[in-house]
Asks: 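Attaching a single structure in structure tokens format; questions to follow.
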Amino acid sequence: MKALVLAGGSGTRLRPFSYSMPKQLIPIANRPVLEYVVRNILDLGVNEIGIIVNSRDNEIQQVLGDGSRFGARLTYIRQEDPLGLAHTVAIARDFLGDDDFVMYLGDNMLPDGISDIADDFAACRPAAHVVVRKVADPRAFGVAELGPDREVLRLVEKPQRPRSDLALIGVYFFTAAIHEAIASITPSARGELEITDAIQWLVTQGADVRASEYEGYWKDTGKVADVLECNARVLDGLRPAVDGTADDTSVLVGPVVVEEGARIVRSRIEGPAIIGAGTVVEDSHISPHTSVGRGCAVVNSRLAHSIVLDGASVTGVQGLHSSLVGRSATVGITTQSTDGYRLVVGDHTQVEVAA
């Protein structure tokens, strides 16, 4: 089996952050989402992984490299224009050959893994096996209608009147039968080759198409609120480790990770929280569910339930919460007036500050 990871999206819902970095590289507990995806695939025993990229492929390659540090073999495949999920399979045809493969959206977080579903696919080998989850508003997803034995009866992309609440969550298992299906469909009204149309073609032709309902934690990290929620969920599994230094006046409470070269000075860190390599936290209070990236400076500030990306600086802010601070951004107090604080906020930053 091989894998195809889709990492070419533009990340419009994460702007302005996605202007400066691909959305799949947004860190969760100081590791990019794509790294979690690759590790989940490796857990299936699959190490040949194709990565679909766009014009920002260099940034992704700088982070993942050739995959050797994970024990993977990565092949980067360029998609010049966003022409649909099925189009990505078509342009990856030479890489995939006639092998079975798992297709995985690169901004999906499934920290509980997908091994059980992969085992089900391997045991039965239907032409296609989709992963679904009940959602409150299926209109934003591909929707599956299932029969009594979890067979797929019908798939519809973003229906205005859904007949099911089971949404496709972006993980698919395929045999080589999908290639004939993709070659047989035409672009949708939005000009894309839809993977739902290709799978529906298989259903119409009488092929065996199955579904599994995912029971673990799943989050599409496409919006800031979702990124923060997912960060908190992953941090809840943190094991404490102090490879940096904390002076005698500092207090670390609960599961706290202080990476190598980080310094904690006259500060209180309440876990679960992670402080990245080379970061300095001074005269500050870090509350639970906060990740501070590498090479940052947090001085005379209070942070809670937030993510600070690499190279950022937060100075003199006493109420930063539920926020995502952009890479190399600056958040700092310049004046204080009767109606609150005035902030200097660097590019690509979203903050929520209590006066």
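Numbering of residues begins at 1 and proceeds along the displayed sequence.
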Asks: Would you say CZ of R190 has more than 12 non-hydrogen atoms from neighbouring residues, nucleotides or ligands within 6.0 angstrom?
Replies: yes
Asks: List, by chain and then residue number, the residues other than L153 in its hydrophobic cluster (Ile/Leu/Val/Met/Phe/Trp/Tyr, side-chain heavy atoms under 4.5 Å); write none if there are no others.
Replies: none
Asks: Run the salt bridge (Lys or Arg N to Asp or Glu O under 4.0 Å) test against D98 and tell me which residues pass, sequence neighbours left out.
Replies: R93
Asks: Quick one: pull up CG in D220 and CZ in R133 and give me the separation to the nearest 0.5 Å.
Replies: 12.5 Å
Asks: Atom CD in E157, atom CD1 in I199: separation rounded to 0.5 Å?
Replies: 10.0 Å
Asks: When you measure from the side chain of D100 to the backbone of M1, do you find a donor-acceptor pair of N or O atoms at a distance under 3.5 Å?
Replies: no
Asks: Begin with the C-alpha distance, continue with both residues' side-chain angles, and end with the deciding distance and a verdict on side chain to side chain contact (heavy atoms under 4.5 Å, CB included) for D99 and E48.
Replies: CA-CA 11 Å; D99 293 318; E48 290 190 57; over 6 Å; no
Asks: D112: which residues meet the salt bridge (Lys or Arg N to Asp or Glu O under 4.0 Å) condition with it, sequence neighbours left out?
Replies: R233
Asks: Please report the shortest heavy-atom distance between V46 and K2, naming the atom on each side.
Replies: CG1-C, 3.6 Å
Asks: How long is the straight-line distance from CD of E35 back to CG of L64, given to the nearest 0.5 Å?
Replies: 7.5 Å
Asks: Restricting to non-hydrogen atoms, name the atom on L320 and the atom on V314 that form the minimum distance, rounded to 0.1 Å.
Replies: CD2-CG1, 4.1 Å
Asks: Flag the pair F121 / V102 as yes when at least one side-chain heavy-atom distance between them is below 4.5 Å, and no otherwise.
Replies: no
Asks: Nearest 0.5 angstrom please: L309 CG to C296 SG, how far?
Replies: 7.5 Å
Asks: Do L44 and S115 come within less than 4.5 Å of each other through their side chains, counting heavy atoms only?
Replies: yes
Asks: Using a 6.0 Å cut-off, check whether atom CZ of R161 has over 12 heavy atoms from anything other than its own residue.
Replies: no
Asks: Walk me through whether Q24 and V37 qualify under side chain to side chain contact (heavy atoms under 4.5 Å, CB included).
Replies: CA-CA 10 Å; Q24 299 85 5; V37 171; over 6 Å; no
Asks: State whether the side chain of T245 and the backbone N or O of R263 hold a donor-acceptor pair below 3.5 Å, judged by distance alone.
Replies: no
Asks: The criterion is side-chain hydrogen bond (donor to acceptor under 3.5 Å, both in side chains); which residues satisfy it with D236, sequence neighbours excluded?
Replies: H289
Asks: Hey, does V298 have a side-chain heavy atom less than 4.5 Å from the side chain of V292?
Replies: yes
Asks: Should L6 and L83 be regarded as members of a common hydrophobic cluster, given that ILVMFWY residues are connected when their side-chain heavy atoms come within less than 4.5 Å of each other, either directly or indirectly?
Replies: no
Asks: Does any part of the side chain of I91, heavy atoms only, come nearer than 4.5 Å to the side chain of I52, both counted from C-beta?
Replies: yes
Asks: Please check this pair: side chain of N231 against backbone of A29, looking for a donor-acceptor N/O pair closer than 3.5 Å.
Replies: yes
Asks: Decide yes or no on side chain to side chain contact (heavy atoms under 4.5 Å, CB included) for V63 and L34, but give the supporting numbers first.
Replies: CA-CA 9 Å; V63 172; L34 263 183; over 6 Å; no
Asks: Can S212 and H129 be counted as having a side-chain donor-acceptor contact under 3.5 angstrom?
Replies: yes
Asks: Would you say Y36's side chain and I28's backbone share a donor-acceptor pair under 3.5 angstrom?
Replies: yes
Asks: Does K219 reach the main-chain N or O of E229 with its side chain, forming a donor-acceptor pair under 3.5 Å?
Replies: no
Asks: Check for a donor-acceptor pair, side chain of S284 on one end and backbone N or O of R302 on the other, with a separation under 3.5 Å.
Replies: no
Asks: Which atom pairs, donor and acceptor, lie under 3.5 Å between side-chain atoms of residues 136-146 and protein residues at least two apart or in another chain?
Replies:
unit_1 : atom_1 : unit_2 : atom_2 : d
D137   : OD1    : R139   : N      : 3.2
D137   : OD1    : R139   : NE     : 2.9
D137   : OD2    : R139   : NH2    : 3.2
E145   : OE2    : R154   : NH1    : 2.9

Asks: Is there a donor-acceptor pair closer than 3.5 Å between any side-chain N or O of S306 and the backbone N or O of S322?
Replies: yes
Asks: Hey, quick one: are Y214 and Y104 part of the same hydrophobic cluster, counting side-chain heavy atoms closer than 4.5 Å, chains of contacts allowed?
Replies: yes
Asks: Closer than 3.5 angstrom, by distance alone: can the side chain of E270 be matched with the main-chain N or O of V253 as a donor-acceptor pair?
Replies: no
Asks: With sequence neighbours left out, what residues match D283 under salt bridge (Lys or Arg N to Asp or Glu O under 4.0 Å)?
Replies: R266
Asks: Decide side chain to side chain contact (heavy atoms under 4.5 Å, CB included) for L155 and V203; before the verdict, give the C-alpha distance in whole Å, the side-chain angles of both, and the deciding distance to 0.1 Å.
Replies: CA-CA 9 Å; L155 290 176; V203 172; 5.7 Å; no
Asks: If we ignore hydrogens and angles and just use 3.5 Å, is the side chain of T88 paired with the main-chain N or O of A86 as donor and acceptor?
Replies: no
Asks: Mind checking side-chain hydrogen bond (donor to acceptor under 3.5 Å, both in side chains) for R78 and listing every partner two or more places apart, or none if nothing turns up?
Replies: none
Asks: At what distance, to the nearest 0.5 angstrom, does CD of E59 lie from CG of L25?
Replies: 7.0 Å
Asks: Mind listing the closest non-hydrogen atom pair of I49 and F95 along with its distance?
Replies: C-CZ, 3.6 Å
Asks: Keeping the roles fixed (side chain from D66, backbone from S68), state whether a donor-acceptor pair exists under 3.5 Å.
Replies: yes
Asks: Between G316 and S301, what is the shortest heavy-atom contact and its length?
Replies: N-OG, 3.1 Å
Asks: When hydrophobic residues are tied together by side-chain contacts of less than 4.5 Å, even through go-betweens, does W201 share a cluster with V156?
Replies: no
Asks: Identify, with sequence neighbours excluded, every residue that meets salt bridge (Lys or Arg N to Asp or Glu O under 4.0 Å) alongside D243.
Replies: none
Asks: Is it the case that more than 12 heavy atoms not belonging to E260 sit under 6.0 Å from its CD atom?
Replies: no
Asks: Measure across A92 and I77 and return the closest heavy-atom pair with its distance rounded to 0.1 Å.
Replies: CB-CD1, 3.8 Å
Asks: Is any side-chain heavy atom of E194 less than 4.5 Å from a side-chain heavy atom of L85?
Replies: no
Asks: Which donor-acceptor pairs under 3.5 Å do side chains of residues 168-186 form with protein atoms, sequence neighbours excluded?
Replies:
unit_1 : atom_1 : unit_2 : atom_2 : d
T175   : OG1    : A127   : O      : 3.3
T175   : OG1    : A177   : N      : 3.3
S184   : OG     : E180   : O      : 2.8

Asks: Return the CD1 to CD1 distance between I264 and I269, rounded to the nearest 0.5 Å.
Replies: 4.5 Å
Asks: Does any non-hydrogen side-chain atom of H305 lie less than 4.5 Å from one of H321?
Replies: no
Asks: Do the non-hydrogen side-chain atoms of L42 and N47 ever get within less than 4.5 Å of each other?
Replies: yes
Asks: What pairs with T279 under side-chain hydrogen bond (donor to acceptor under 3.5 Å, both in side chains), at least two apart in sequence or on another chain?
Replies: none
Asks: To which residues is I274 joined in a hydrophobic cluster, defined by side-chain heavy-atom contacts under 4.5 Å among Ile, Leu, Val, Met, Phe, Trp and Tyr, whether direct or through other members?
Replies: L235, L238, V257
Asks: At their closest point, which heavy atom of D197 faces which heavy atom of S188, and how far apart are they?
Replies: OD2-CB, 4.4 Å
Asks: V135 and I114: same hydrophobic cluster, using ILVMFWY side-chain contacts below 4.5 Å?
Replies: yes
Asks: Does one hydrophobic cluster hold both L193 and L4, with members joined at side-chain heavy-atom distances below 4.5 Å?
Replies: yes
Asks: Which residues pass the side-chain hydrogen bond (donor to acceptor under 3.5 Å, both in side chains) test with E192, not counting sequence neighbours?
Replies: none
Asks: A side-chain contact here means heavy atoms from C-beta on lying under 4.5 Å apart; do I26 and T221 qualify?
Replies: no
